[in-house]
Structures are given as structure tokens and as C-alpha cells.
Amino acid sequence: MSFDNLCKLLSEKHPATFASWVLGTPQTSVKVLKTELSIEPIRADYVTFLQLQGRILHLEFQTKLESTPPLPLRMLDYWVRLYRLYRLPITQVVVLLLPPAAETVIETVFCVETTRHEYRVIRLWEENPEPFLNDPALLPLAPLAATTQPQGLLQQVVKKVSQLEPRQRPEISAYTQILAGLKYNQDLIRQLFREGMMRESVIYQEILAEGEQLGEQRGELRGRKAEGQLLILRLLTRRVGELPQEMLDRIETLSLEQLENLGEALLDFQAIADLEAWFGTLDIGVKMT
């Protein structure tokens, strides 16, 4: 899911911050490892592997517990593959973004006969929101933290976002609103964020407007001043690698609405072919009209 993928993106963008949060101790030497594991290769789409000092941290983000194969078996599988590859102790942490249905058992161990493997689960809805509110890297997760007054928490989040440096604010605002959509009504998100950040579009339009106000010259975008396009390109490059010039030119021609749609769709991209396919849907729409 795109929400899980966004969390993966954030943890790889701020690895030391996320490692410090889940482990509860400051981590300064943190390296992001590849997520392609050998031995009948699998690609871990929504996980992050971080190399600490003498240890591997495996972070997995989930909106739902249900998966195939089941989560406990996957955690054991990841542990074996990681240990075979790195020969280091491994800490595994699953971050659940949303509470499961009532009476659901949240498993923290794989156990079959004499084989027993444990891992840790963080229930984000039970976490104190203060660490998230006080760190820009974790701020997008704050709306999902523990609270008895959800709207009040979201208002605190909006206030924190509004206090960020102008260059930080658009990107973190976009991430925060996407994750807030897991828990809050989009009308409420729109209402609370519209002042100074998202005047017309819930996610990206204000980023474009603020980018134009900044007036930054960007050569790779042929002098365009839209900060929203810069954000889209940063995310695309992180997801699928460097883009050919023809795709950069095509992105320049997109309308505000199309940029917003691309910003949501790209969270599921795995290769440039996915972007090409997305452009193909636009072409089909044009032909039909």
C-alpha cells in the first residue's frame, strides 16, 4: 500500500531519526541497506534495512496485519536471509499504523515445534505523540499517535508544520496529509491545512504555489519555479532512478491536477516502466475525449 511505502521512504530519508525512535537510544552511525535479499530473491517493498554499529535494524511498516505469507513467517524469513548475508545481530520491528479489528491477536512470535522467533511490534496508535511533534522527520506520523482528542492532535500537527522552515514545510506537509488520511476525514484535513499550506489542493497545490513564490531557478526543470515539480521529481528519482530528459519534459507539461495524481500514484512505482504506464493512461484519456 502507498501508506506503507511512504513510511519506507521517510525511514530511508531519515534513517538515524527512525532508528533512534524505535530503539529508544540515539543512533548516529546508520546506513541504509538494499532491500533485495539473495537466495531466491525477494524484494521487500515496504521494509527498511538499516546497518547500525554492529547490528542490523529491520523496520517494517504495515497498515494491515493480514499478509501472504503470514507476518510471523515473513519476519523469520527476513531474519534468516539478513543473517546469512551480514552475519550480524538483527533487531526486527514492525510498525503498525492502524489498530486492527477488535479481538484481533497481534502476534510477535513465530513458533512451530522447536523453532521460535520473536520480533517487536510498535502500535502507533498507542505511542506518545510528543516525540513525533518535536521532530520534523517523524512529524508525518504524529496524526496516527495516541490521543483522546483526535482533532486537537491534528491541530497541533498543523501548527508544527506551519512553524517549519519554508524549504522544509511543503514536503513534510504533503507527507503528513497523506498519512493523516488513514485516520481523518479529508474535509477536516483540507480545512485545517488550507491556511498557508494547501489553499486549494489537499496535498500538492500549495506546494506548487509556494514554489512559485520562492522563485528558485532549477536547471533540470528548464527554469521552472514550481517547487511541486521539484518534489515530484525527488520522489520519482528515489523510487525509480534518474529520469530520461523526455520524461522530465513531459512532467513540465502536466497540469496541477495531474501533478497531484502523479504524486499519489508514484508511491506505488517500482520502475520507470510504471511511470511510462501512468503517462499511457493520460494519453488514452486524451484520445477518448
Measuring from atom [atom1] of [X] to atom [atom2] of [Y], what distance do you get when rounded to the nearest 0.5 angstrom?
{"X": "Leu23", "Y": "Leu52", "atom1": "CG", "atom2": "CG", "value": "6.0 Å"}
{"X": "Leu6", "Y": "Lys13", "atom1": "CG", "atom2": "NZ", "value": "11.0 Å"}
{"X": "Leu179", "Y": "Leu97", "atom1": "CG", "atom2": "CG", "value": "7.0 Å"}
{"X": "Leu243", "Y": "Leu248", "atom1": "CG", "atom2": "CG", "value": "5.5 Å"}
{"X": "Leu71", "Y": "Lys64", "atom1": "CG", "atom2": "NZ", "value": "14.5 Å"}
{"X": "Leu236", "Y": "Ile272", "atom1": "CG", "atom2": "CD1", "value": "9.5 Å"}

Validation row: [X], [Y] side chains within 4.5 angstrom (heavy atoms):
{"X": "Glu276", "Y": "Met247", "result": "yes"}
{"X": "Ile56", "Y": "Tyr78", "result": "no"}
{"X": "His58", "Y": "Val47", "result": "yes"}
{"X": "Leu262", "Y": "Leu275", "result": "yes"}
{"X": "Val95", "Y": "Ser11", "result": "no"}
{"X": "Ile90", "Y": "Tyr119", "result": "no"}
{"X": "Ser20", "Y": "Val30", "result": "no"}
{"X": "Gln92", "Y": "Arg120", "result": "no"}

How far apart are the closest heavy atoms of [X] and [Y], and which atoms are they?
{"X": "Pro89", "Y": "Gly54", "result": "CD-O, 3.4 Å"}
{"X": "Leu88", "Y": "Tyr83", "result": "O-CD1, 3.3 Å"}
{"X": "Leu153", "Y": "Ala142", "result": "CD2-O, 3.4 Å"}
{"X": "Phe110", "Y": "Pro72", "result": "CB-O, 3.6 Å"}
{"X": "Gln258", "Y": "Thr253", "result": "OE1-O, 4.4 Å"}
{"X": "Cys111", "Y": "Arg116", "result": "SG-NH1, 4.2 Å"}

When you compare the side chains of [X] and [Y], does any donor N or O come within less than 3.5 Å of an acceptor on the partner?
{"X": "Thr115", "Y": "Glu113", "answer": "no"}
{"X": "Asp187", "Y": "Gln191", "answer": "no"}
{"X": "Thr91", "Y": "Arg55", "answer": "yes"}

(request) State plainly whether one hydrophobic cluster holds both Leu65 and Val105, where clusters connect Ile, Leu, Val, Met, Phe, Trp and Tyr through side-chain heavy atoms under 4.5 angstrom apart. (result)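 Unlinked, Leu65 and Val105 end up in two clusters.
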(request) Check the hydrophobic clustering (I, L, V, M, F, W, Y; side-chain heavy atoms under 4.5 Å; chains of links allowed) and say if Ile106 and Val109 are grouped together. (result)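 No, separate clusters.
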(request) Answer yes or no: is there an ion pair linking Asp77 with Arg74, defined by an N-O contact shorter than 4.0 Å? (result) no
(request) Keeping the roles fixed (side chain from Asp274, backbone from Leu266), state whether a donor-acceptor pair exists under 3.5 Å. (result) no
(message) Using the rule given for side chain to side chain contact (heavy atoms under 4.5 Å, CB included), can you reason through Val80 versus His117, listing the C-alpha separation, both sets of side-chain angles and the distance that settles it, and then say yes or no?
(response) CA-CA 10 Å; Val80 171; His117 175 68; over 6 Å; no
(request) Assign the ring pair Phe18 / Trp21 to parallel, tilted or perpendicular, where the plane angle (0 to 90°) is split at 30° and 60°. (result) perpendicular
Taking only distance into account, with no hydrogens and no angle test, what donor-acceptor pairs under 3.5 Å do side-chain atoms of residues 124-141 form with protein atoms, sequence neighbours excluded?
{"unit_1": "Asn128", "atom_1": "OD1", "unit_2": "Glu130", "atom_2": "N", "d": "2.9"}
{"unit_1": "Asn134", "atom_1": "OD1", "unit_2": "Lys160", "atom_2": "NZ", "d": "3.4"}
{"unit_1": "Asn134", "atom_1": "ND2", "unit_2": "Glu130", "atom_2": "O", "d": "3.1"}
{"unit_1": "Asp135", "atom_1": "OD1", "unit_2": "Ala137", "atom_2": "N", "d": "2.9"}

(message) side chain to side chain contact (heavy atoms under 4.5 Å, CB included) for Thr108 and Glu118? Distances and angles first, verdict last.
(response) CA-CA 6 Å; Thr108 61; Glu118 298 182 3; over 6 Å; no
(message) Tell me whether the count of non-hydrogen atoms from other residues, nucleotides or ligands lying under 6.0 Å of CD in Gln163 goes above 12.
(response) yes
(message) With a sphere of 6.0 Å drawn around CD of Glu246, does it hold more than 12 non-hydrogen atoms of other residues, nucleotides or ligands?
(response) yes
(message) With side chain to side chain contact (heavy atoms under 4.5 Å, CB included) as the criterion, how do Trp278 and Phe269 come out once you've worked through the C-alpha distance, each side chain's angles and the decisive distance to 0.1 Å?
(response) CA-CA 10 Å; Trp278 186 85; Phe269 289 179; 3.8 Å; yes
(message) For a side chain to side chain contact (heavy atoms under 4.5 Å, CB included) check, start with the C-alpha distance between Leu50 and Leu33, then their side-chain angles and the critical distance, and finish with the verdict.
(response) CA-CA 6 Å; Leu50 304 177; Leu33 301 175; over 6 Å; no
